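Here is the structure we will look at, set down as structure tokens.
All figures in this text were calculated on a predicted structure; none of them were measured in a lab. Worth knowing before you read on, the calculation uses all heavy atoms, side chains too, and leaves out hydrogens, waters and symmetry mates.
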Amino acid sequence: KLATTKPKVKKIVYEAKEMKTNSLKKALLIREIKHFTSNAMVMLNGAVGILFCVIGAIAIFVYKEKIDFILLQMPELNDMIVPILCLIGIGVNSMNMISASSISLEGNRLWIIKSLPISTKDILMIKLGLHLLFCIPAGIIFSLATVIVFEVGILDAILIIMAPVLFTLFIDLLGLLNLWKPKFDWVNETVCVKQSMPVMLTMFISMGLAFVIAACYIFMGDFIPLDIYMYLIFIIFIVANIILYYMLNTWGIKRFEQL
């Protein structure tokens, strides 16, 4: 009876619909986004800074009156407000390390993207773009909130917004250049964002930079004016980003092809 019984299955009539096609680069980017957002623990450990940016932006508006009161009680902070806001933006964004685990997350599926008819440079640029796509908008939202609440000038506002952008690009490039030690022998993807060497190294460098920048000014403040020191930090980040981008397009490509 079981063998001869016909299951009650509703037949679906096929309807021809328009097919949508994407370019290979766009399809690969969509794949990266879906892969990253498919695991909540990976998102939480790799991009917790995005959450802090959003919460921080809301908190700044909520506690605006208290912030104004503190500035009235401590007027000396007004002369240092722009560097302080730049440093806060850098500190909040230092908790984002998406690119550092992007290669390790491929695991035993790495051969799939390597077999696609797309250049190695484009693959690395797409992984680079994934980090920027998630982190830069959140950093800009936080910076805009500080600009509005503290009512700084146009030039200062540009500096406050550009500081986390340059820092995000620096961490993005640094994390992706950790191709020298990817972790492919994982069972759970969470291991890639918690215990892999690229993530640990990127985390210590990114979070430590905010303290190094502040500490250096404490020792050099008597010799260099604050505004000159701030411009010097901006120049260092720009030069560092150029060097890291060059390394990614030379050594990084060769190393990826060897994996």
Mind listing the side-chain donor-acceptor pairs of residues 115-123 below 3.5 Å, one per line with the distance, residues two or more places apart or on another chain?
residue	atom	partner	partner atom	Å
Ser115	OG	Trp111	O	3.1
Ser115	OG	Ile112	O	2.7
Ser119	OG	Asp122	N	3.3
Ser119	OG	Asp122	OD2	2.9
Thr120	OG1	Glu257	OE2	3.2

Please table the atom pairs, donor to acceptor, closer than 3.5 Å between any side-chain atom in residues 60-72 and protein atoms at least two apart or in another chain.
residue	atom	partner	partner atom	Å
Lys64	NZ	Asp68	OD2	3.1

Tabulate below the donor-acceptor pairs under 3.5 Å that side-chain atoms of residues 43-56 make, not counting sequence neighbours, or state none.
residue	atom	partner	partner atom	Å
Asn45	ND2	Met41	O	2.7

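Evaluation of the ring-ring contact (aromatic ring centres under 6.0 Å, His included) test over residues 117-140, restricted to residues two or more places apart or in two chains, returns Phe36-Phe134. For residues 70-110, there are no ring-ring contact (aromatic ring centres under 6.0 Å, His included) pairs, not counting sequence neighbours.
Residues meeting the side-chain contact (heavy atoms from CB on, under 4.5 Å) test with Leu132, sequence neighbours left out: Ile136, Thr168, Leu169, Asp172. For Glu106, the salt bridge (charged side-chain N to carboxylate O under 4.0 Å, His left out) partners are Arg31, Lys127, not counting sequence neighbours. For Phe167, the ring-ring contact (aromatic ring centres under 6.0 Å, His included) criterion is met by Phe237, not counting sequence neighbours. With sequence neighbours left out, the side-chain contact (heavy atoms from CB on, under 4.5 Å) criterion links Phe184 to Ile103, Leu110, Pro182, Leu259. Lys181 meets the side-chain hydrogen bond (donor to acceptor under 3.5 Å, both in side chains) test with no other residue; sequence neighbours excluded. Partners of Glu151 according to the side-chain hydrogen bond (donor to acceptor under 3.5 Å, both in side chains) rule, which considers only residues two or more places apart in sequence or in another chain, do not exist here. Partners of Leu133 by side-chain contact (heavy atoms from CB on, under 4.5 Å), not counting sequence neighbours, listed by chain and number: Ile33.
Between the side chain of Ser143 and the backbone N or O of Ile140 there is no donor-acceptor pair closer than 3.5 Å. Of the possible polar contacts, none joining the Asn39 side chain to the His35 backbone as a donor-acceptor pair under 3.5 Å is found.
Heavy-atom minimum distance, Asn241 versus Leu166: ND2-O, 3.2 Å. Across Asn93 and Gly89, no two heavy atoms sit closer than the pair ND2-O, 2.7 Å.
Looking at Leu248 and Leu176, their side chains come closer than 4.5 Å, going by heavy atoms from C-beta outward. Taking 4.5 Å as the limit, every side-chain heavy atom of Met230 sits out of range of all side-chain heavy atoms of Leu226. For the pair Thr146 and Ile88, the minimum side-chain heavy-atom distance is 4.5 Å or more.
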